[in-house]
Amino acid sequence: VIIVFGHRSPNTMCAASVREEPLTPLLGSITAPVTVIGASDDVFCPRKAADILLDGLPRATYREIPRAGHLMNVDNPVAVTAELRACLPT
């Protein structure tokens, strides 16, 4: 499982319902390894958000994209691609 901050997906549009029923308590039930990828200069989704995930996920690691904000794939596409490739099995 790869979690990339700074990427809007259709799932994030359900934010209102998530606020009513937080999913954070369920993170501990995820047994697969998870890589959480954040951006060094993201003010919309700062490292604190990643830390919440990392605290709840038993097998999570954190990778950070340097010189990138909320749109990390625009700000530093080479680094994002390298991190995603590093997460994929060879």
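Keep in mind that this is a model prediction, so the values were computed, not measured.
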Just jot down the salt bridge (charged side-chain N to carboxylate O under 4.0 Å, His left out) partners of E64, sequence neighbours excluded, or say none.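 Partners of E64 under the salt bridge (charged side-chain N to carboxylate O under 4.0 Å, His left out) test: none.
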If the condition is salt bridge (charged side-chain N to carboxylate O under 4.0 Å, His left out), which residues does R67 pass it with, not counting sequence neighbours?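 Applying salt bridge (charged side-chain N to carboxylate O under 4.0 Å, His left out) to R67 gives none.
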OH on Y62 to CD1 on I37, rounded to 0.5 Å: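 If we round to the nearest 0.5 Å, I37:CD1 and Y62:OH are 9.5 Å apart.
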Say you draw a straight line from CG of L71 to CG of D42; how long is it, rounded to the nearest 0.5 Å? 8.5 Å
Can you tell me which residue pairs pass the salt bridge (Lys or Arg N to Asp or Glu O under 4.0 Å) test with a partner in residues 76-90, sequence neighbours excluded? R63-E83
Which residue pairs satisfy the side-chain hydrogen bond (donor to acceptor under 3.5 Å, both in side chains) criterion with at least one member in residues 43-58, sequence neighbours excluded? R47-D51
Heavy-atom closest contact (V43 atom, P46 atom, distance): O-CD, 4.0 Å
Criterion side chain to side chain contact (heavy atoms under 4.5 Å, CB included) on L84 and L88, from CA distance to verdict: CA-CA 7 Å; L84 291 174; L88 298 173; 5.5 Å; no
Please tabulate, for side-chain N and O atoms in residues 26-33, each donor-acceptor pair with protein atoms closer than 3.5 Å (sequence neighbours left out).
| from | atom 1 | to | atom 2 | distance (Å) |
| --- | --- | --- | --- | --- |
| S29 | OG | L26 | O | 2.6 |

Run the side chain to side chain contact (heavy atoms under 4.5 Å, CB included) test against A68 and tell me which residues pass, sequence neighbours left out.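 A68 satisfies side chain to side chain contact (heavy atoms under 4.5 Å, CB included) with A39, I65, M72, D75, N76 once adjacent residues are dropped.
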